[in-house]
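This report refers to the structure that appears directly beneath it.
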Amino acid sequence: MADRSIRGGDGIRTFPFPVELSVGGVGMQVGPMGTGRTWHADAPLERVHRIDFHVVLLFGEGPVRHMVDFTEYEAAAGDLLWIRPGQVHRFSRTSEYRGTVLTMQPGFLPRATVEATGLYRYDQPPLLRPDAAQLAGLRDSLGQLRREYEDTATLPLSLHTAVLQHSLTAFLLRLAHLAASSAESVRQPSDSTFTLFREAVEKDFATNHSVSAYADALGYSRRTLVRAVRAATGDTPKAFIDKRVVLEAKRLLAHTDLPIGRVGAAVGFPDAANFSKFFHQHTDLTPAAFRAELR
């Protein structure tokens, strides 16, 4: 198998969605967790890496420890872990992963479904703890999705894919409701304004830190952008951008040996002194001190 992973300038490998491992080549997979599962034949999952697709783990046993963006989460039986594209994470060498894993390629679902299910709500916690009723609904929904995924004989591929999209949407709507409740932030769902802003920030945060520039590029007034971002996250657009920049800087400082000046340049600060000042304002630590704490 060809190595389709990407090793960026930060030294962290990014693995694409393994289409070749999907039944029928569709943009999702669902099946049992196990020691043999991997994104790629040469991808040791216990090493820090990124993926460019969604992963939802529903644990059948526990405890399981899993790192996502500098936080070690401990999941018990019946808990879920939702890892979104671009997040740095690492599987535990010592934990036994048992349960069901769902992976989904970006673009498999239409935009309206993406917005309704909050697929890119990075402000929400990865670890979700459903109550008994919520867990029963999620298990039933995921079980139905798995049966449809594995049944490739009943329908032609186009209809099979459409059924999978509907079944996946039903599961994700339940999951999104749980995530919103877990975040204790039952605000109005993110509208298309915030969705477009979030996507633009994810694409350009390393070179563009200007709220006005994003508003102009998206065709919104600054006031409209402020309202949309506050409704979706509780933050201002500037705070949203800064948090994304800080997160990426933390990833690079923790998981690579790049000089601090190059880390700053990678997130839009060609001047190392300005980067250090920005990082200290948002973390109360210098970049060097933050790196030292993790080594």
Side-chain angles (χ1 to χ4, degrees), residues 1 4 15-34 36-40 51-60 75 77-87 97-122 124 126 128-182 189-192 195-196 198-199:
M1 186 190 310
R4 296 184 298 119
F15 291 96
F17 180 80
V19 177
E20 68 278 2
L21 301 181
S22 290
V23 174
V26 297
M28 59 155 287
Q29 300 170 28
V30 59
M33 295 184 210
R37 294 196 63 86
T38 183
W39 318 134
H40 187 277
I51 48 178
D52 71 357
F53 51 95
H54 292 269
V55 173
V56 178
L57 304 167
L58 174 55
F59 295 98
D79 290 346
L80 298 99
L81 197 66
W82 187 351
I83 306 165
R84 291 170 166 86
Q87 290 187 303
Y97 286 76
R98 294 290 182 268
T100 304
V101 56
L102 166 69
T103 60
M104 188 194 73
Q105 188 176 31
F108 185 64
L109 294 175
R111 178 177 291 277
T113 303
V114 170
E115 293 175 4
T117 54
L119 284 184
Y120 295 93
R121 290 293 302 272
Y122 289 90
Q124 293 181 344
L128 304 173
R129 302 187 188 277
D131 60 28
Q134 291 169 327
L135 179 59
L138 286 163
R139 280 179 169 159
D140 288 346
S141 184
L142 192 58
Q144 176 63 29
L145 176 61
R146 183 175 174 182
R147 289 189 290 274
E148 295 289 356
Y149 174 72
E150 295 173 348
D151 179 10
T152 59
T154 305
L155 297 170
L157 180 58
S158 60
L159 290 180
H160 174 63
T161 301
V163 170
L164 285 177
Q165 289 171 330
H166 285 288
S167 298
L168 177 58
T169 298
F171 172 74
L172 289 175
L173 286 170
R174 289 182 179 274
L175 190 65
H177 174 69
L178 172 62
S181 301
S182 298
S190 57
D191 64 13
S192 59
T195 300
L196 292 172
R198 183 201 57 233
E199 291 174 351

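The shown structure was predicted, so the numbers you read here are calculated from the model rather than taken from an experiment.
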On a heavy-atom basis, which atom in [X] and which in [Y] lie closest, and how many Å separate them?
X: Gly60; Y: Ala77; value: O-CB, 3.5 Å
X: Glu148; Y: His160; value: O-CE1, 2.8 Å
X: Pro85; Y: Pro106; value: CG-CG, 4.2 Å
X: Pro130; Y: Leu135; value: CB-N, 3.8 Å
X: Trp82; Y: Ala179; value: CZ3-CB, 4.3 Å

If I take atom [atom1] from residue [X] and atom [atom2] from residue [Y], how far apart are they, to the nearest 0.5 angstrom?
X: Tyr149; Y: Gln29; atom1: OH; atom2: CD; value: 4.5 Å
X: Leu178; Y: Leu128; atom1: CG; atom2: CG; value: 4.5 Å
X: Ser181; Y: Arg129; atom1: OG; atom2: CZ; value: 15.5 Å
X: Leu157; Y: Thr152; atom1: CG; atom2: OG1; value: 9.5 Å
X: His54; Y: Thr103; atom1: NE2; atom2: OG1; value: 11.0 Å
X: Glu150; Y: Leu145; atom1: CD; atom2: CG; value: 9.5 Å

Side chains of [X] and [Y]: closer than 4.5 Å at any heavy-atom pair?
X: Leu196; Y: Arg111; result: yes
X: Arg146; Y: Pro32; result: yes
X: Leu109; Y: Gln165; result: yes
X: Val56; Y: Val30; result: no

Test item: [X] side-chain N/O and [Y] main-chain N/O as donor-acceptor pair under 3.5 Å:
X: Gln144; Y: Ala170; answer: no
X: Thr117; Y: Thr113; answer: yes
X: Arg174; Y: Gln134; answer: no
X: Asp151; Y: Ala153; answer: yes
X: Ser22; Y: Met28; answer: yes

| Step by step, would you call Leu168 with Leu102 a side-chain contact (heavy atoms from CB on, under 4.5 Å)? | CA-CA 10 Å; Leu168 177 58; Leu102 166 69; 3.7 Å; yes
| query | Checking side-chain contact (heavy atoms from CB on, under 4.5 Å) for the pair Thr154/Leu159: CA distance, chi angles, key distance, verdict? | reply | CA-CA 10 Å; Thr154 305; Leu159 290 180; over 6 Å; no
| said: Tell me whether the rings of Tyr97 and Phe59 are parallel (<30°), tilted (30 to 60°) or perpendicular (>60°). | reply: tilted
| query | Step by step, would you call Leu164 with Phe108 a side-chain contact (heavy atoms from CB on, under 4.5 Å)? | reply | CA-CA 10 Å; Leu164 285 177; Phe108 185 64; 4.3 Å; yes
